[in-house]
Amino acid sequence: MPELPEIMSRAGEMKRALVGKTIADIEVLQPKCLNVTVKAFRRGLIEARLLDVTCRGKWLFVETTQGWLLINLGMGGEILLARRGALPKKRRLIVDFDDGTCLILNFWWFGYAHYAPHDKLGKHAMTAKLGPNALSITARELNEIVKGRRGAIKSLLLDQTRIAGIGNAYIHDILFMARLHPLRKMHTLNEREIEALAKAIEKGLRPSAGKGGAFYEVNLYGKPGRFKARDILIGYKEGKACPACGTRIEKIKTGSTSTFICPTCQPLKLGKRKRKK
DNA sequence: CGGGCTGTTGACTC
DNA sequence: AGAGTCAACAGCCC
């Protein structure tokens, strides 16, 4: 499940590998991943030269001389660089370049490959509403985002219009490092806790971003990320000992998703006074 | 073999 | 505002 560390890594790889190339052809095997017709998509991007690749949250922004290619991998999938003669089996969209290489998009369940002309990028609703990147938010900004809201902190962290890039894989360790229960209400958070959360977002995403993403995702060349299972503190480690206190890690339902927590380190009821002195 | 689970997002309802 | 539900339909696990 690609989240900010993976998408940042893919953006860097794509920038290094693709800038300067010109799109020669596009083959769409799954038209429903587009926001326009196959014809309009091809007309928009064929003959475009790639200028830059960046990301905002889980979206890749490929800037070309003819507008933007916007990619979201949804619940999973790969972006691979290959040659026309040696394509991977699974593929839903193929972008051919003028030098015989091609970019293959595969979505596990579904994903998006959208086209926006230069002057329509601001009208692309799914990206226009994105909040600031999770790795560029300061404690002060986080405080502003949290202020006046009443919902659970987990739903805020996953709300891409407030904070872009966190998904349900990295969130377990972020909440654990902030010592916050996922269902804590935002209006009960004090300044110290918000500051801890801002630090935890950084600590939860930056190491993986520096290692090319998580081990369960592959890069443009098919190589898995170097952020390993042992680098994860409590996510997906139900029944194992909490690294901070030894309590058994639990998996709890939080709305329609689950969260792994340490019930000792992340109590839901915030005692006004700490027990034990 | 089959049922349950999992990730993202928008649309929709209450 | 926010919580809940659903739909899109692959692949792994038991």
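Being a predicted model, the structure only gives us computed values, none of them experimental. Protein chains get the first letters and strands the later ones, always in sequence-line order, with residue 1 at the start of each.
Distance, A:Ile171 CD1 to B:dG7 P: 11 Å, rounded to whole Å. One atom, OH of A:Tyr236, and another, C1' of C:dC13, lie 16 Å apart when rounded to the nearest Å.
A salt bridge links A:Glu13 with A:Arg10: the distance from a Lys NZ or Arg NE/NH1/NH2 to an Asp or Glu carboxylate oxygen falls below 4.0 Å.
Between A:Ser155 and the phosphate of C:dA3, there is a side-chain N or O to OP1/OP2 separation shorter than 4.0 Å. Checking the phosphate oxygens (OP1, OP2) of C:dA1, no side-chain nitrogen or oxygen of A:Arg149 falls inside 4.0 Å. Regarding contacts with the backbone of B:dG7, every side-chain N or O of A:Lys58 stays at 4.0 angstrom or more from both OP1 and OP2. In terms of phosphate contacts, A:Ser258 brings a side-chain nitrogen or oxygen within less than 4.0 Å of OP1 or OP2 of B:dT6. Taking side-chain N and O atoms only, A:Lys253 has a distance below 4.0 Å to OP1 or OP2 of B:dT6. Between A:Asn168 and the phosphate of B:dT6, there is no side-chain N or O to OP1/OP2 separation shorter than 4.0 Å.
For the pair A:Gly148 and A:Lys90, nearest-nucleotide mapping onto DNA chain C gives the more 5' position to A:Gly148.
Linking ILVMFWY residues whenever their side-chain heavy atoms come closer than 4.5 Å, directly or via other members, places A:Ile145 and A:Met186 in the same cluster. Under a hydrophobic-cluster definition in which Ile, Leu, Val, Met, Phe, Trp and Tyr are linked whenever side-chain heavy atoms come within less than 4.5 Å, directly or via other members, A:Leu142 and A:Leu135 are assigned to the same cluster.
Looking at the side chain of A:Met75, the nearest of the listed nucleotides B:dT9, B:dG7, B:dT6 is B:dG7. Of the listed nucleotides (B:dT6, B:dT8, C:dA3), B:dT8 has the atom at the smallest distance from the side chain of A:Phe110.
Figure legend: cation-pi geometry between A:Arg43 and A:Phe41 absent, as NZ or CZ is not positioned both under 6.0 Å from the six-membered ring centre and within 45° of its axis.
The separation of C:dC14 from B:dG7, taken at their P atoms, amounts to 15 Å, rounded to a whole angstrom.
Judged by distance alone, with hydrogens and angles left aside, A:Trp109 brings a side-chain donor or acceptor within reach of the base of C:dA10, the pair sitting under 3.5 Å.
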